[in-house]
There are 2 protein chains.
Amino acid sequence: MRVTSDRALDHPRREDIRLEAVLHALSDPMRLRVVAFLSGVDDEGAPCSAIDLVVSKSTSTHHFRVLREAGVISQVYRGTAKMNALRRRDLDELFPGLLDAVLRARAAQRRREGDAEPVPF
Amino acid sequence: MRVTSDRALDHPRREDIRLEAVLHALSDPMRLRVVAFLSGVDDEGAPCSAIDLVVSKSTSTHHFRVLREAGVISQVYRGTAKMNALRRRDLDELFPGLLDAVLRARAAQRRREGDAEPVPF
DNA sequence: ATCGTAGTTTGACATACCTCGTACTACGAG
DNA sequence: CTCGTAGTACGAGGTATGTCAAACTACGAT
């Protein structure tokens, strides 16, 4: 993953990721949606703008930051964009099966409620 | 489970349990501890007082209510006590593997941080 | 009938959360 | 260099959260 800016972004080290923070980060529908989206994207990640959150830009920034500070996603600048990627490897090592269970749970809930989408996020 | 009081307690029906609410309920250390404790108890459940939360009684009441309203536990009066039980069956049907993943994640985190307890909760 | 135990209710307080608009910065393209 | 795009920072508003103390209710035991 090429970084084209040295603007620094604080990420918790893997061993500092706390379960409570992860669960809290995942407890918001907006953020859960981001995570679901990123789960279907390669390691490069996707820019914030790739996900239509239907909220203001500042709110969007806020949610991405919550996810990053909880250790759920990593963010890195590339050009004018900021690439977001799930920290799947770290999460799986720390909390095996958790992320998958949450994603499956969300998918199941969406199926039950019939709000499927063409693109599954 | 014998109920000895008709004081009513509202529980969400299984199909009304929302993933976001469950994750939020689980994102508090106090409540996570309650859930971990209840996971090691039979279907009868345990009274609130069985878990030493080290908070005031009103705070304790609050946390148990959050768990109940999210659909994580069921509560029923029995005599002067109020029995609390994990809604394991409902959660497992709705979100297979989620509860177990969370409990294992918490256990793993506790091991990493070395704050094991004689009784594992 | 009285007492103790278990839990509830109310009200309060400080903090955190989600949301927004506006003004701002960083970068690539022309 | 200028412009547009992507995202940030700041401040504000409203709501929710976690906490407590004090007064209360419900029940079993004596």
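Below, read A as the first sequence line, B as the second, and so on, with proteins coming before strands; counting in each chain starts at 1. Because only heavy atoms are used, hydrogens play no part in the values below, and waters and symmetry mates are left out as well, while side chains stay in.
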Enumerate all atom pairs, one protein N or O and one N or O from nucleotides 21-25 of chain C, separated by less than 3.5 Å.
from   : atom 1 : to      : atom 2 : distance (Å)
C/dG21 : N7     : A/Ser58 : OG     : 3.2
C/dG21 : O6     : A/Ser58 : OG     : 2.7

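- Distances shown here put a side-chain N or O of B/Ser49 below 4.0 Å from the OP1 or OP2 atom of C/dG7.
- Taking the side chain as every heavy atom from C-beta outward, B/His11 and B/Glu69 never approach each other to under 4.5 Å.
- For the pair B/Ala85 and B/Gly45, the tightest heavy-atom approach, listed with the atom from each and the gap, is CB-CA, 3.9 Å.
- With rounding to whole Å, B/Arg65 atom CZ is found 11 Å from C/dG7 atom C1'.
- Atom CD of B/Gln75 and atom C1' of C/dG7 are 10 Å apart (whole Å).
- At whole-Å resolution of the value, CZ in B/Arg78 and P in D/dG28 are 11 Å apart.
- Considering A/Leu38, A/Asp43, A/Asp100 in turn, A/Asp100 is the only one that fulfils the side-chain contact (heavy atoms from CB on, under 4.5 Å) rule with A/Arg88.
- Spacing between atom CG of B/Leu32 and atom P of D/dG18 amounts to 13 Å, rounded to whole angstrom units.
- Among all heavy-atom pairs drawn from A/Leu91 and A/Val22, the shortest one is CD2-CG2, 4.3 Å.
- In this structure B/Asp28 satisfies the salt bridge (charged side-chain N to carboxylate O under 4.0 Å, His left out) test with no other residue, sequence neighbours excluded.
- Within 4.0 Å of A/His62, counting heavy atoms only, lies at least one base atom of the nucleic acid.
- Rounded to an integer number of Å, the gap from CZ of A/Phe64 to C1' of C/dC18 is 15 Å.
- Spacing between atom CG of A/Asp28 and atom C1' of D/dA16 amounts to 13 Å, rounded to whole angstrom units.
- When every heavy atom of A/Gln75 is checked against every heavy atom of A/Leu9, the shortest pair comes out as O-CD2, 3.7 Å.
- As judged by a 4.0 angstrom heavy-atom cut-off over every strand, B/Val66 is placed among residues making no nucleic acid contact.
- A/Ile51 has its CD1 atom 14 Å from the P atom of D/dA6, to the nearest Å.
- Atom NE2 in A/His63 sits roughly 6 Å away from atom P in C/dC18 (whole-Å rounding).
- Side-chain atoms of B/Gln109 come within 3.5 Å of backbone atoms of A/Leu19 as a donor-acceptor pair (strictly under, hydrogens ignored).
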